[in-house]
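Remarks on the structure that follows.
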Amino acid sequence: LDDRHFPWRHGRDSGTGMIQAFLTFARRTSTLEVAWLALWLGTFSFTQRTASESLYGGFDATHFQRYMFDAVALALTLLNAARLRAPRWDPTTLFLIYTVVGLLSTLWTVSLLPTLGKSGELFIGVLIVWITMARREPLLRLRRLIDWSALFLGFLLVLAFLGFVLFTE
């Protein structure tokens, strides 16, 4: 990866230049980046409910949507993990072990679905970063994950603004 993977950083100002830059960026998207985006989409699957409904409610369409995105993210991430040569020991590995403890906490929690959802998302996210750090040129790959995150957050801000403008009473 080099600056060719970040075409908008070359001073393109026109709208068509930005669209072309985004399409170039998207074509070079790795499966780990797709997993990262699926994880984001799963994280933002929510509905309005009370605290007790969130903690003790049953499995519904929102949970199904969240777990489907998480399953896609996990599958893509595990495909990449299978290609790693050997595990490495660094601070990211210790944090990955911590997230496994979070996953195990679903065994003794009183709120299985929310605990599994959040601990699973944290585990998958840390696993994506861990695999990214184990590959060639990890800083450039991490920068791409951050760029995707910023793009997604910008998209969410635009949606929130449009929702506020269009659907306020």
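We count residues from 1, following the sequence as given.
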Look at the side-chain heavy atoms of Ile, Leu, Val, Met, Phe, Trp and Tyr, link any pair under 4.5 Å apart, and say whether [X] and [Y] land in one connected group.
X	Y	answer
Leu37	Ile146	no
Ile128	Tyr98	yes
Leu96	Leu84	yes
Val34	Val126	no
Ile124	Leu79	no

Drop me the distance from [X]'s [atom1] to [Y]'s [atom2], to the nearest 0.5 angstrom.
X	Y	atom1	atom2	result
Thr77	Ile131	OG1	CD1	5.5 Å
Glu137	Thr132	CD	OG1	12.5 Å
Leu104	Thr115	CG	OG1	12.5 Å
Phe123	Ile97	CZ	CD1	11.0 Å
Arg66	Glu121	CZ	CD	4.0 Å
Tyr67	Leu74	OH	CG	13.0 Å

Is [Y] close to [X] at the side-chain level, that is, under 4.5 Å between some pair of heavy atoms?
X	Y	result
Val158	Phe161	no
Leu145	Leu142	yes
Leu122	Leu103	no
Trp130	Thr99	no
Leu32	Arg141	no
Val129	Trp36	yes
Leu151	Phe155	no

Could you report the tightest heavy-atom contact between [X] and [Y], atom names first, then the distance?
X	Y	value
Ala38	Val72	CB-CG1, 4.2 Å
Ala35	Ala73	O-CB, 3.4 Å
Trp40	Ser149	NE1-OG, 3.3 Å

Next on the checklist: For the backbone of Leu112 and the side chain of Thr109, can you confirm whether one donor and one acceptor N or O come within less than 3.5 Å of each other?
Outcome noted: no
Checklist entry - Counting distance only, does the side-chain N/O of Gln65 pair as donor-acceptor with the main-chain N or O of Thr62 below 3.5 Å? => result no
Item to check | Exceeds 12 heavy-atom contacts within 6.0 angstrom, atom CH2 of Trp89 | outcome: no
